[in-house]
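Let me begin by presenting the structure, written as structure tokens, before commenting on it.
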Amino acid sequence: MPFSKHLRKLWGKLRGWKCENCGRRWADGWLLEFHHILPTSAGGKDTEDNAQLLCIECHYLAHKELEREGVGHKSASIVLARLRRTKGRWR
């Protein structure tokens, strides 16, 4: 389940609109996405403590790691398709 638009705006502002892993910034044109640390398919909730703001490259790597650990669903391919389509940038 996706995070609500209101919560994404609030949490993005609190996190300075930058990737929590590598530091890439939305203001520099990087595509940022919210990631469920524990996927909802594995019991994760749509709460701030289960949310992480990541650039799309780090988001893909996070999903690959979840797949390696056998947690959640196979969604890395979906994130990879967005990464390829956008080349990591939103503009």
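Start at 1 with the first residue, then count along the sequence.
The OG atom of Ser4 lies 9.0 Å from the CG atom of Leu10; values are rounded to the nearest 0.5 Å. Interatomic distance, Leu83 CG to Cys58 SG, rounded to the nearest 0.5 Å: 10.5 Å. To the nearest 0.5 Å, atom CG of residue Leu31 and atom CG of residue Leu54 are 11.0 Å apart. Of the inter-residue distances, the one linking Ser77 atom OG with Arg84 atom CZ reads 9.5 Å to the nearest 0.5 angstrom. Separation of atoms CZ (Arg24) and CG (Leu32) is listed at 10.0 Å; rounding is to 0.5 Å. Atoms CZ and CG, on Phe3 and Leu53 in that order, are 10.5 Å from each other to the nearest 0.5 Å.
Nearest heavy-atom pair, Gly88 versus Ile56, reported as atom, atom and distance to 0.1 Å: CA-CG2, 3.5 Å. Between Ile37 and Asp49, the shortest heavy-atom distance links the atoms CD1-O, 3.9 Å.
Not one N or O on the side chain of Gln52 forms a donor-acceptor pair closer than 3.5 Å with the backbone of His35.
Residues Phe34 and Arg15 are in side-chain contact: their nearest non-hydrogen atoms beyond the backbone lie under 4.5 Å apart. With a 4.5 Å cut-off on side-chain heavy atoms, Cys55 and Asn21 do not count as touching. Side-chain contact check for Asp46 versus Leu7: every heavy-atom pair is 4.5 Å or farther apart.
With a 6.0 Å radius and a threshold of 12 heavy atoms from other residues, nucleotides or ligands, Arg82 has its CZ atom above the threshold.
Checking His59, His63, Glu67 one by one against Ser75, the side-chain hydrogen bond (donor to acceptor under 3.5 Å, both in side chains) holds for a single residue, His63.
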